[in-house]
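Quick notes on the structure that follows.
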Amino acid sequence: RRRDKIKAKFCDETDEPKLNLFSSGWRYLSTCEEYDLSLRRTKLGDNGVKRLMSQLGRKEYANGKRKGKLRVLNLQRQGITRRGAGYISRWLSADPLEVTAATAHVVDLDRIPTAASTSIFINLEGNPIGLLGFKDLQRAVDKARINGIKVVIVGGGGADDSPKKSNLDTQHVVKVGPVTYRRTRVAMEPWRLPVPIMKKILGEDRPFVRGLKVVSALCFGFAIGRATASMRLPYRLAIVRNDIR
């Protein structure tokens, strides 16, 4: 009994719903607090992520008697691209289900159909989701927070983590008439969602950051000028305007 209780909280690839149990297989995942697929023998891929999200987003989770318990989802090195990131984004940004005649016996008002708890950590390290996939996840994290779910996602990976024998090789070739464009897939730096506040402030090529630096420089210069004026030094700092004609 003790072994089954621990298994119910920490799940792995052996707890995946079987193909012939799609109608009831989701119940095997409803008790999982941590779901680790990082040691899966074969990579999950985008299609596998789609099937997984359909199990973690069933309408039965919108019932108050079966609240989501999942707090950790580990999908390291599973060959997930931007398409798979889109499936995860749609799962995270799900809206509460409307109570209709078809769902009145299953759902409660203002309940979100998700197996996620009020806070969830998702590990996507080693998956080449690309910049567009990162943007999709960023919007989904913001939407989930509006719905009352605190989401933290970490990632970063290279082209070597993409599925083999697919159209996502390290070289992306586009032919336009006689012209051929080649683009090499490069590794993504480690990232975290939501983006830390300090990284937002210190980020590069942002209008807000550039304006903040200008204002800081003006305030610093004004403070130095006032200090030199109050100390009556033989010199002071000031902004001088020269009109050259």
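Residues: numbered from 1 along the sequence shown. Quick caveat, the model's predicted, so the values are computed rather than measured.
Under the side-chain contact (heavy atoms from CB on, under 4.5 Å) criterion, R90 pairs with Y87, not counting sequence neighbours. Every ring pair (Phe, Tyr, Trp, His ring centres under 6.0 Å) that F134 has, sequence neighbours left out, goes to W191.
Tracing side-chain contacts under 4.5 Å through hydrophobic residues (I, L, V, M, F, W, Y), one reaches L92 starting from V195; they form part of the same cluster.
Its side chain within the 4.5 Å cluster rule, V154 clusters with V72, F121, V152 among the Ile, Leu, Val, Met, Phe, Trp and Tyr residues.
Closest of all the heavy-atom pairs between D46 and G84 is OD1-N, 3.2 Å. Contact between T114 and W91 at its shortest, heavy atoms only, is OG1-NE1, 3.2 Å. Across every non-hydrogen atom of S119 and R71, the tightest pair is OG-NH1, 3.5 Å. Heavy atoms only, all atoms of each residue included: L44 and Q78 are closest at N-OE1, 2.8 Å.
Looking at L70 and S117, their side chains never come closer than 4.5 Å, going by heavy atoms from C-beta outward. Two residues are said to be in side-chain contact when any heavy atoms from C-beta on lie closer than 4.5 Å; K150 and R145 meet this criterion.
The only member of L75, L73, N123, V141 that meets side chain to side chain contact (heavy atoms under 4.5 Å, CB included) when paired with I153 is V141.
Distance alone, capped at 3.5 Å, places no donor-acceptor pair between the N127 side chain and the I129 backbone. Side-chain N or O atoms of N147 include none that pairs as donor or acceptor with a backbone N or O of I149 at under 3.5 Å. Formation of a donor-acceptor pair under 3.5 Å by the N74 side chain with backbone atoms of Q76 is found in this model.
Remark: the R40 side chain and the T42 side chain contain an N/O donor-acceptor pair separated by less than 3.5 Å.
Here the straight-line distance linking atom CG of L39 with atom CD of E13 works out to 6.5 Å at 0.5 Å rounding. The distance from the SG atom of C32 to the NZ atom of K69 is 10.0 Å, given to the nearest 0.5 Å. With values rounded to the nearest 0.5 angstrom, L193 atom CG is found 8.5 Å from D142 atom CG. Distance check: E34 CD to C11 SG gives 9.0 Å after rounding to the nearest 0.5 Å.
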(message) Between I88 and L124, is the side chain to side chain contact (heavy atoms under 4.5 Å, CB included) condition met? List the steps.
(response) CA-CA 11 Å; I88 299 175; L124 293 178; 4.0 Å; yes
(request) Might you work through the salt bridge (charged side-chain N to carboxylate O under 4.0 Å, His left out) test for D95 and K143, ending with a clear yes or no? (result) CA-CA 9 Å; D95 292 318; K143 178 66 177 301; 2.9 Å; yes
